[in-house]
Visitor: 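Okay, here's the structure, questions in a sec.
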Amino acid sequence: MVATAAIASFSPVTSPSPDSGAEANNHGGGPVNLGGFKSKHSSSRGLKVKTNAQAPPKINGTAIATTVETFKHDDDLPSPPPRTFINQLPDWSMLLAAITTIFLAAEKQWMMLDWKPRRPDMLIDPFAIGKIVQDGMVFRQNFSIRSYEIGADRTASIETVMNHLQETALNHVKTAGLLGDGFGSTPEMCKKNLIWVVTRMQVAVDRYPTWGDVVQVDTWVSASGKNGMRRDWLLRDCNTGEILTRASSVWVMMNKLTRRLSKIPAEVREEIESYFVNSGPILEEDKRKLSKLDDNTADYICTGLSPRWSDLDVNQHVNNVKYIGWLLESAPQSILESHELSAMTLEYRRECGRDSVLQSLTAVSGADVGNLAHGGHVECKHLLRLEDGAEIVRGRTEWRPKGVNNIGVVNQVPAEST
């Protein structure tokens, strides 16, 4: 009905002929009513339209505005402002609203991610640095063996394993909230210019991981005497749980300004003592004495070794893993090709500076030096010293033919404290 009225208001209506007028009169007479409008004849043969006085039509009880009324209201509306440079700019509010909507949706999806720990006794880092387990006493972190961390036999090197152990130790301190403005130092240690230095390291490798393996490293700390701290590691295959490496170390404090050893201050002890695990070392201590080597007792000597800038850590201290590489510089090539390192014991005597020049000495025992490639297990003694003879590191390494594993019953991660 509304459409009909609108069309009728714009459609021209011709004057009815006398015949049609007569016919209309026969059907009821009078002018024709078209949706509220009335037309009547005129002598000028034109069309005159006037608004009917009756109320506007209704549909289902609702009044319908006519076209003429609509035009009348449109005429009352204010005209749009003139087009200028300012009002031709895009509506930036709509763009900002769209960006805000996108960010809110992304934030909602992020909050819905299930990164939270599944057990209440486990603290986890959402950025995969690691997690604290065993009531906060053990730190656990996973590593994937990269292509640049393996050697010609597709297995990880001993330096790769030691770097993973060191990284886990530092992340343990960081995740526990004890990391100050230093390299593994607590806030109280930083106030007193103290740093940790390793004095002894003992490692047993049952099997080396290969390219693509994911290894799981657990580490924890315990007291070692009155002024020392012991840190242990247990490295396992993440998929099978097979134990690959066990390591134990002893650390003491040194003043980084005077470069002299220091006792553990009471303030520092209060910071770290609650994290000590009351358990024995993961490896039974090798109490055999590390004998001193010299030019007469060494079978191989490598000279001219010196640290590079990249070998120093943020404490201006040569990374302890670098010493291992220097010790093996003098190892015979035949052993490196046919054997793999299965155990290692190191005693750090002093540190070397950036300008130091070192010598690496190795003596082979338990095998024929001239026929090492076809021998069985081999034991080597090592010494890293300055050119003036001052000792840096003493060491002993054990080697087995490649392809032979030494997997036995070993200690596990320490039980939860009671």
Side-chain angles (χ1 to χ4, degrees), residues 122 130-143 156-173 175-176 184 196-209 213-225 227-252 272-288 290 320-321 323-324 340-348 395-400 405-418:
M122 179 184 297
K131 56 188 176 183
I132 296 179
V133 297
Q134 298 285 4
D135 290 336
M137 308 304 292
V138 177
F139 181 76
R140 176 172 296 168
Q141 184 172 0
N142 293 349
F143 296 93
S157 63
I158 185 62
E159 289 88 353
T160 294
V161 173
M162 298 303 296
N163 280 325
H164 288 169
L165 302 186
Q166 179 174 270
E167 181 69 13
T168 308
L170 292 172
N171 287 334
H172 183 193
V173 179
T175 306
W196 289 110
V197 292
V198 61
T199 60
R200 182 178 177 87
M201 178 75 69
Q202 189 174 340
V203 182
V205 182
D206 298 329
R207 182 175 70 82
Y208 285 91
D213 287 349
V214 178
V215 296
Q216 182 183 88
V217 183
D218 288 354
T219 184
W220 59 95
V221 291
S222 307
S224 177
N227 292 296
M229 180 185 72
R230 189 183 74 243
R231 178 174 286 278
D232 293 337
W233 293 271
L234 183 64
L235 189 148
R236 289 177 287 199
D237 187 295
C238 192
N239 295 324
T240 65
E242 174 191 355
I243 294 177
L244 305 179
T245 302
R246 296 156 290 150
S248 185
S249 60
V250 177
W251 300 73
V252 296
I272 64 177
E273 207 166 33
S274 61
Y275 295 91
F276 285 173
V277 176
N278 187 17
S279 66
I282 190 69
L283 279 175
E284 184 178 354
E285 183 180 357
D286 187 352
K287 297 182 179 181
R288 291 179 296 171
L290 296 176
N320 64 83
V321 178
Y323 291 111
I324 299 174
E340 63 182 11
L341 193 150
S342 59
M344 174 176 60
T345 302
L346 304 176
E347 289 183 358
Y348 294 84
R396 177 173 49 248
T397 58
E398 298 177 17
W399 305 75
R400 60 171 174 259
N405 295 331
N406 184 26
I407 302 176
V409 179
V410 298
N411 295 329
Q412 300 294 323
V413 175
E416 298 183 9
S417 58
T418 57

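These values consider heavy atoms only, across backbone and side chains, with no hydrogens, waters or symmetry-generated copies.
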Visitor: Looking at T240 and D237, what are the two nearest heavy atoms and their distance?
Guide: N-OD1, 3.1 Å

Visitor: Students often mix this up, so state it plainly: with edges at 30° and 60°, are the rings of H164 and F143 parallel, tilted or perpendicular?
Guide: parallel

Visitor: Could you go step by step and tell me if Y208 and I158 meet the side-chain contact (heavy atoms from CB on, under 4.5 Å) rule?
Guide: CA-CA 8 Å; Y208 285 91; I158 185 62; 3.9 Å; yes

Visitor: Salt bridge between R246 and D232, side-chain N to carboxylate O under 4.0 Å?
Guide: no

Visitor: Check for a donor-acceptor pair, side chain of W251 on one end and backbone N or O of W196 on the other, with a separation under 3.5 Å.
Guide: no

Visitor: When rounded to the nearest 0.5 angstrom, what is the spacing between CD in E159 and CD in Q166?
Guide: 12.5 Å

Visitor: Can M201 and Y348 be said to form a side-chain contact (heavy atoms from CB on, under 4.5 Å), step by step?
Guide: CA-CA 8 Å; M201 178 75 69; Y348 294 84; 4.2 Å; yes

Visitor: Please report the C-alpha distance between D218 and R236 in whole Å, then the side-chain angles of each, then the deciding distance to 0.1 Å, and finally whether the side-chain contact (heavy atoms from CB on, under 4.5 Å) criterion is met.
Guide: CA-CA 8 Å; D218 288 354; R236 289 177 287 199; 2.7 Å; yes

Visitor: Find the distance between CD (Q141) and OG1 (T219) and round it off to the nearest 0.5 Å.
Guide: 10.5 Å

Visitor: Strictly distance-based, threshold 3.5 Å: is any side-chain N or O of S248 a donor or acceptor partner for the main-chain N or O of Q202?
Guide: no

Visitor: Minimum heavy-atom separation for G395 to L346, with atom names?
Guide: CA-CD2, 3.9 Å

Visitor: Is there a side-chain contact between L234 and I243 (heavy atoms, below 4.5 Å)?
Guide: yes

Visitor: With a 4.5 Å heavy-atom cut-off, do W233 and I282 have their side chains touching?
Guide: no

Visitor: Examine the side chains of S222 and W220 and answer whether a donor and an acceptor come within less than 3.5 Å of each other.
Guide: no

Visitor: Which pair of non-hydrogen atoms, one from S279 and one from R230, has the smallest distance, and what is that distance?
Guide: O-NH2, 2.7 Å

Visitor: On the 0 to 90° scale, with breaks at 30° and 60°, tag the H172-Y275 ring pair as parallel, tilted or perpendicular.
Guide: perpendicular

Visitor: What's the separation between atom OG1 in T168 and atom CG in N142, rounded to the nearest 0.5 Å?
Guide: 9.5 Å

Visitor: Rounded at 0.5 Å granularity, tell me how far NZ in K287 sits from OG1 in T345.
Guide: 13.5 Å

Visitor: State, to 0.1 Å, how close P209 and V215 come at their nearest heavy-atom pair, and which atoms those are.
Guide: CB-CG1, 3.7 Å

Visitor: About how many Å separate CE of M137 and OG of S274, when rounded to the nearest 0.5 Å?
Guide: 7.5 Å

Visitor: How close do M162 and V203 get, counting heavy atoms only, and between which atoms?
Guide: SD-CG2, 3.9 Å

Visitor: Evaluate side-chain contact (heavy atoms from CB on, under 4.5 Å) for D286 paired with R200, printing each intermediate quantity in order.
Guide: CA-CA 11 Å; D286 187 352; R200 182 178 177 87; 4.3 Å; yes

Visitor: Does T199 use its side chain to pair, donor to acceptor, with the backbone of V250 at less than 3.5 Å?
Guide: yes

